[in-house]
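To start, the structure itself, in structure tokens.
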Amino acid sequence: MSTVSSGHTHAHHFESSQHEHKAGIHGVWLFLVTEILMFSGLFVAYAIFKGVYPEVFHEGHRYLDWRLGALNTVILLFSSLTMALSIHYIRVNKPKAAMINLLITIACGLGFMIVKYIEYNAKFHHGLYPGHFFTAHEHIEHKNLALFFSLYFCMTGLHGIHVLTGMGLIGWVAIRLKKGEFGPHHYTAVEGVGLFWHLVDLIWIYLFPLLYLVS
Amino acid sequence: MAHEHSTDYLHHGKGLWSWLTTLDHKRIGLMYMIAILTFFFFGGIFALLIRLELMHPGTQFMSPTVYNQVMTLHGTMMVFMVIIPGIPAFLGNFVLPIHLGAKDVAFPRLNLFSWYIFIAGALIAASAVVFGGVDTGWTFYTPYSIQTYKGTVFMVLGAFVMGFSSILTGLNFIVTVHKLRAPGMTMNRVPLFIWSIYSTAIIQVLATPVLAITLLLLVMERTLGIGFFDASLGGDPVLFQHFFWFYSHPAVYIMILPAMGIISELVVTFSRKVVFGYTAIAYSSIGIAAVSFLVWGHHMFVSGQSEFAGKIFSFITMLVGVPTAIKMFNWVSTMYKGSIRMDSPMLFAVGFMFLFAIGGVTGIFLATLSIDVHLHDTYFVVAHFHYVMVGGTLMALMGGIYYWFPKMFGKMFNETLARITFALIFLGFNITFFPQFIAGVQGMPRRYQDYIPEYEWLNRISTIGSWLIGAGFLLVLYVLIQGLRKGKPAGPNPWGAKTLEWTIPSPPPHENFTTTPVVSGGPYEYR
């Protein structure tokens with residue numbers, strides 16, 4: 001998010017750097033609200049189609065590997081911990097420890113995306129494409145199964161884009177940390193990115209049971 | 001630094017580059033003004049072409065295919081590129097921080113970024129013309145929007161991108177109102193314009209993301225065929241309507257709430273009187289914003305949604321009339337026994353009240369379930385929303401431009417000519433759109449290039465009216481340019497207004513206030 005000042009001074013329209021920090025975090029929270037509302041459209045679509053075709057969702061989830069989904073849940077939960085730790089270490093002025101935790105967080109994001117890649121590949125291999133491109137018609141029980149995979153790809157796809165964005169943002173704050181731009185009283189950007197990362201994690205925690213464990 | 005404080009914002013930094021990289025909310029406001037007025041010019045040309053085609057039945061100079069595209073361009077441009085960003089991004093950006101006693105918005109870089117997003121979105125949307133055009137109307141209803149020209153994807157993507165500009169501007173304003181008010185500027189002392197922009201910002205932040213996902217799904221529908229809105233794949237086209245209106249009805253209030261804020265400022269200033277019912281006007285803005293999320297189904301009375309849902313939506317829609325009427329009555333009560341000056345901004349304010357009353361009351365007609373079944377998709381609806389959006393929002397925008405023009409540029413415009421622009425626009429507007437109410441009640445359907453001869457006389461009047469509006473806005477352009485070039489110096493407070501922007505020089509210095517103001521009373525301290 002837009003943290004205006006660099007170094008330890010504050011922008012001209014704020015009274016103090018603390019004032020600026022509070023405004024920045026307020027802005028990040030509002031941004032997270034918009035993210036939740038954006039995903040809410042997909043959750044509403046999920047709820048409606050689940051109501052209309054419960055059997056399709058029951059069949060659909062059997063094609064997803066809950067073990068890979070669970071693995072990814074653990075990876076993201078752990079990355080939330082390392083993200084929070086890195087903010088903690090900046091606050092107690094241990095930039096090296098903070099840096100290690102940021103890098104672990106990025107590595108977790110990468111791990112998540114690799115698992116996702118393996119999962120997507122398996123789906124494509126079986127012709128389980130979204131909607132119109134769905135080709136696995138011979139083996140399936142319910143004719144609208146494609147709809148389940150449309151939801152699956154839209155929801156996890158949009159979430160995946162957020163994971164990639166989050167990794168980019170964490171990389172950005174890591175570079176700024178290396179340049180020595182953050183300190184115990186100046187870490188707005190790291191905290192903002194951290195909040196974003198936690199939201200990405202939180203959305204996955206909803207997606208996992210809704211898609212993999214529904215029955 | 002001392003030198004920089006003394007220069008006004010127009011001369012603080014020179015050259016085009018200093019504008020394109022500026023972080024000053026006043027300059028960004030003016031950059032929005034230039035963009036929006038340009039789009040308004042094109043949208044207006046399209047409107048005149050539509051009216052010219054409709055002057056007589058049958059084809060005049062546009063084939064039905066071309067007509068559908070021109071109508072869609074008019075609608076999408078006016079909605080997404082003119083009326084939604086019009087007041088908040090342009091006047092809001094210029095006025096809001098000064099009204100609060102702040103030096104800038106909370107996130108100046110984000111503010112500039114929002115402008116670039118807006119321009120990028122507008123360019124993507126405009127590229128639709130190159131890729132085959134769009135003929136869906138501004139609502140992009142499925143299943144038609146999935147099947148028609150490829151340009152639809154670009155228009156939808158453009159609207160998606162411009163949505164983010166709207167979200168980020170709203171976010172910026174909310175944080176600014178919360179965190180950057182001057183000492184003593186409590187929420188019960190901020191000008192009413194702030195309350196309306198704040199309510200608007202809430203809607204922008206809460207509703208626009210839903211539009212974003214809706215438009216994204218529409219793009220996915222076209223490119224990947226995901227089937228959410230396609231009945232042959234198990235989806236539901238009406239679901240698109242629900243998603244679309246869940247944003248687009250609140251968006252109607254994104255269009256009108258800021259206009260109401262301007263009217264509050266104008267009525268107080270030109271009545272020279274303390275506003276009647278400050279709290280009522282302020283909280284009714286929040287009330288409108290809250291109710292706006294619960295009424296989207298009134299666009300879908302004939303879509304096949306359940307009758308019970310229709311009744312609920314009908315009832316809640318009528319509730320919108322309450323906070324709206326509260327504002328109206330408070331404005332009129334403010335004028336009562338005031339020392340009214342009918343300067344050009346006030347003319348537009350009174351014109352707003354007159355036209356908005358008609359637009360609002362016909363809205364209650366349409367909210368009534370049984371009547372709407374008859375009037376749905378007729379010219380009655382067209383007349384109704386033009387009374388609200390043009391008669392309401394654009395009239396207020398014009399009043400606001402005249403009101404703050406001296407502050408923006410430090411110069412006065414020609415008052416006599418400004419009053420003539422009001423007469424042209426106001427008369428032209430009524431001549432154009434009042435006959436459409438009658439045509440609508442008689443059953444003339446909207447969106448068609450052709451009609452039966454019985455409607456010809458009404459359409460002819462309507463087209464003649466549109467020329468008056470066109471002339472009026474061209475004259476506005478002349479008045480503004482002439483004011484810029486030859487206007488007399490305005491001085492800090494030409495209207496005798498009381499809010500903070502009138503306590504600083506015109507044009508304002510780069511940092512707005514050399515010393516942070518300390519506020520000790522309400523915004524409108526007339527005796």
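Labels below follow one simple rule: chain letters A, B, ... track the order of the sequence lines, proteins then strands, and each chain is numbered from 1.
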Fill in the blank from the handout: Smallest heavy-atom separation, B:T214 atom then B:F244 atom, equals CG2-N, 4.0 Å

Using a distance-only test with no angle check, is there a side-chain donor-acceptor pair under 3.5 angstrom linking [X] and [Y]?
{"X": "B:Y9", "Y": "B:T22", "value": "no"}
{"X": "B:R181", "Y": "B:T186", "value": "no"}
{"X": "A:W204", "Y": "A:H159", "value": "no"}

Which atoms of [X] come close to chain A, meaning under 4.5 Å heavy atom to heavy atom: side chain ones, backbone ones, both, or neither?
{"X": "B:L239", "answer": "side chain"}
{"X": "B:L211", "answer": "neither"}
{"X": "B:H178", "answer": "side chain"}
{"X": "B:I167", "answer": "side chain"}

Problem - Residue part contacting chain B, namely of A:Y53, when any heavy atom lies under 4.5 Å - result: side chain

Completion exercise
For residues 206-236 of chain B, the ring-ring contact (aromatic ring centres under 6.0 Å, His included) pairs (sequence neighbours left out) are A:F49-B:F228, B:F229-B:F240

Fill in the blank from the handout: Greatest number of non-hydrogen atom pairs under 4.5 angstrom with chain B, of A:I48, A:L151, A:I36, A:V56, falls to A:L151

Handout entry: Which of A:L42, A:V33, A:V52, A:V44 touches chain B most, by non-hydrogen pairs under 4.5 Å
Key = A:L42

Exercise for the section: Decide if atom CD of A:Q18 counts as having more than 12 heavy atoms of other residues, nucleotides or ligands within a radius under 6.0 Å. Expected result: no

